[in-house]
Undergrad: 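Here it is: the structure, laid out below.
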Amino acid sequence: MPATRAISEGLFVSAGDGPRLLAARCVACGKLSFPAAPVCPYCGADGARETRVGPAGRLYLYTAVLSRPPGYRGEVPYGFGVVELEGGLRVIARLTESRLERLRPGLALSLVVEPLFTDDDGTAVLSYAFRPEEA
Amino acid sequence: MRPVYVAGVGLHPFGRFAEKSLTALGMHAVREALADARVGRGAFRAAFCGTVYGGVAAGHKVLTALGLAGVPIVNVEAGCASGGAALALGAAAVASGRHDCVLVFGLEKMPRGIIRSSFFEPWREEAGLAATPAYFALRAQRLMRESDVRLEDLARVSATNHRHGVANPHAMYRKALSVEEILASPVVCEPLRLLMLCAPNEGAAAVVLSARPTPVRVAAAALRSHHAGSVLGEHTPLSGLADDGVPTPTEMAAADAWAEAGLGPADLHVVELQDTDAARAILSAEELGLCAKRAGGRWVRDGGGEMSSRLPVNPSGGLLSKGEPLGASALGQVVELTWQLRGAAGPRQVPGARVALAHTVGRGANACVVILTR
């Protein structure tokens, strides 16, 4: 069983009924932000509460990335978009689908956590993405 | 506060200059600006240098090489608005009475290809989130969804800028392109085609500001950075992408500039605006009030911004023709507009231009709006 690691700590967790993103809800203004940060980027209040969001989302904006951006270690092409989650949170995310004819505004998506690339020592690196629910 | 004037301008053409150092590009622009201003060596009492990728002490190296060190030198980084930010600082230093004359310059040698930016943490790069053209594409998609801007309109904006650029000897690309050629160029990120995007490149520009009256006055130099919450919830760097109900940096900077100058969009005779991509050019026009919100498609189809229109936009050819050396691009606009107001812009002269606006916006997010009058 090869080892795995998350691409960065504190972004996502896997639960029995699917993965979740680790967002923060500000205790003062109530706004959600992702990734969770100790200080609210909207109002500056301390003490945001960790809130798990997902796995369901809806596609807002999308395109396909055809050539490898700097530092990217996964496969190209890949889908790239803004996904709306519960509570009005919009996140930029990789999409598992890069064929634009299979994407449309409002498309139902679900969060997935999957290996994106493999480190030199064979460790599979997990990242999050959104996958269309319909085939 | 006292009035601030443009005493001199200098420009190193924008392009690729493998044989020249960054310092050499800056030296060229600074010498030209000082000669144009006809002020003696050391007339300026402070220097402000815009650069993003120039590294440590980029401005100091230029003035050291010219034997002009000894005054306070500040290097300024504000993304694509870096040169505008340097100008805003310099203008404030003169307006306040702190200095009678300052030097403002900007310089850049951009890396090739998609630009790597320390803005993105390593995990975001590894995860594919540092795909800058994709952010432009998402913003373009939103523009097209929320208004009647069509793909052909994006191509026409690019064609207009390239047609203007033919007359600019300082531009990198001086070839007229048809709407059809632009539409047929390779897709970078849908909906944006290669010929709808500007190329990062190299160049330098310099401006001498003075309290001594000259024909060209800096009527406003406003810099604004993004509003809290005007970036994505994910904290992604480009404002205006998916936020609602918060003003963009351009709208805020423009409002400040109109107030400072006591002018409005109807007073303008010529504009140089940020056209990193064709959709950004339309958004810039809307956000600056050159046309109504969500009327950018109609504006393009009616010939808005073309040299024959009421308000020519980017007579220099814009960044689409010149390319974008981040630290220099805003000051390149100011140089162009100074020539326009002096009636010295040659074949790309806008007849009788007396009120001009320069606009840059980019990563951070930062926007700068400069208004020049004569």
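The shown structure was predicted, so the numbers you read here are calculated from the model rather than taken from an experiment. The analysis underlying the following values was restricted to heavy atoms, covering all of them including side chains, and did not include hydrogens, waters or symmetry mates. Residue numbering restarts at 1 for every chain, and letters A, B, ... go by the order of the sequence lines.
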Undergrad: Determine whether a donor-acceptor pair (N or O, by modelled atom type, separation under 3.5 Å) exists between the side chain of A/Y78 and the backbone of B/G128.
TA: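 Side chain of A/Y78 to backbone of B/G128: a pair is present.
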Undergrad: With a 4.5 angstrom heavy-atom cut-off, which part of A/L116 approaches chain B: side chain, backbone, both or neither?
TA: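 It is the side chain, since no backbone atom gets that close.
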Undergrad: Relative to chain A, which segment of B/A127 carries a heavy atom at a distance below 4.5 Å: side chain, backbone, both, or neither?
TA: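 The answer is both parts of B/A127.
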Undergrad: Can you name the closest pair of heavy atoms from A/V65 and B/A131 and give their distance?
TA: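 For A/V65 versus B/A131, the nearest heavy atoms are CG2-CB, 4.0 Å.
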Undergrad: Locate the shortest heavy-atom distance separating B/E126 from A/Y72; write the atom from each residue and the value.
TA: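 In this case the closest contact between B/E126 and A/Y72 is O-CD1, 3.2 Å.
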Undergrad: Which atoms of B/V187 come close to chain A, meaning under 4.5 Å heavy atom to heavy atom: side chain ones, backbone ones, both, or neither?
TA: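 Answer is both: backbone and side chain atoms of B/V187 are under 4.5 Å from chain A.
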Undergrad: Hey, does B/V188 have a side-chain heavy atom less than 4.5 Å from the side chain of A/L66?
TA: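 No, too far: nothing below the 4.5 Å cut-off.
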Undergrad: Please state whether the side chain, the backbone, both or neither of A/F117 comes within less than 4.5 Å of a heavy atom of chain B.
TA: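 It is the side chain, since no backbone atom gets that close.
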Undergrad: Of all the heavy-atom pairs spanning A/P69 and B/A130, show the shortest one and how long it is.
TA: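 Answer, listing the atom of A/P69 first, then B/A130: CB-O, 4.0 Å.
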Undergrad: Pick from B/P191, B/P122, B/A140, B/C189: which one has the most heavy-atom pairs with chain A under 4.5 Å?
TA: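 Ranked by contacts with chain A, first place is B/C189.
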Undergrad: For A/R49, what residues pass the salt bridge (charged side-chain N to carboxylate O under 4.0 Å, His left out) criterion, not counting sequence neighbours?
TA: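 Salt bridge (charged side-chain N to carboxylate O under 4.0 Å, His left out) check on A/R49 returns nothing, list empty.
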Undergrad: Is it true that, when you exclude A/R73 itself, more than 12 heavy atoms of the residues, nucleotides or ligands shown sit nearer than 6.0 Å to its CZ?
TA: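 Yes.
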Undergrad: If only atom types and distance count, is the side chain of B/E190 paired as donor or acceptor with the main-chain N or O of A/L100 below 3.5 Å?
TA: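 No; judged by distance alone, with no hydrogens or angles, the pair does not exist.
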Undergrad: Does the side chain of A/T63 come within less than 4.5 Å of B/L192's, by heavy atoms?
TA: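 Contact flag for B/L192/A/T63 side chains = no.
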Undergrad: Report, as yes or no, whether the 6.0 Å neighbourhood of atom CZ on B/R301 holds more than 12 heavy atoms from other residues, nucleotides or ligands.
TA: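 For B/R301, atom CZ is crowded (more than 12 foreign heavy atoms under 6.0 Å).
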Undergrad: Report which part of A/L11 has an atom under 4.5 Å of a heavy atom belonging to chain B: side chain, backbone, both, or neither.
TA: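 Side chain of A/L11 only, per the 4.5 Å heavy-atom cut-off to chain B.
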Undergrad: For the interface with chain B, which of A/A64, A/S8, A/P77 has the highest count of heavy-atom pairs at distances below 4.5 Å?
TA: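 That would be A/S8.
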Undergrad: Once you round to the nearest 0.5 Å, how far does CD of B/E121 lie from CD1 of A/I7?
TA: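 Rounded to the nearest 0.5 Å, the CD-CD1 separation comes out at 11.5 Å.
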Undergrad: Sort out for me which of A/G74, A/P105, A/A129, A/S127 touches chain B most, counting heavy-atom pairs under 4.5 Å.
TA: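 With the most close heavy-atom pairs to chain B, the winner is A/P105.
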Undergrad: Specify the closest pair of heavy atoms between A/Y62 and B/R145, including all atoms of both residues, with the distance to one decimal.
TA: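 Heavy-atom minimum between the residues: CE2-NH2, 4.1 Å.
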Undergrad: Once ring-ring contact (aromatic ring centres under 6.0 Å, His included) is applied, what residue pairs with a partner in residues 79-108 of chain A remain, sequence neighbours excluded?
TA: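 Residue pairs passing ring-ring contact (aromatic ring centres under 6.0 Å, His included), neighbours aside: A/F80-B/Y135.
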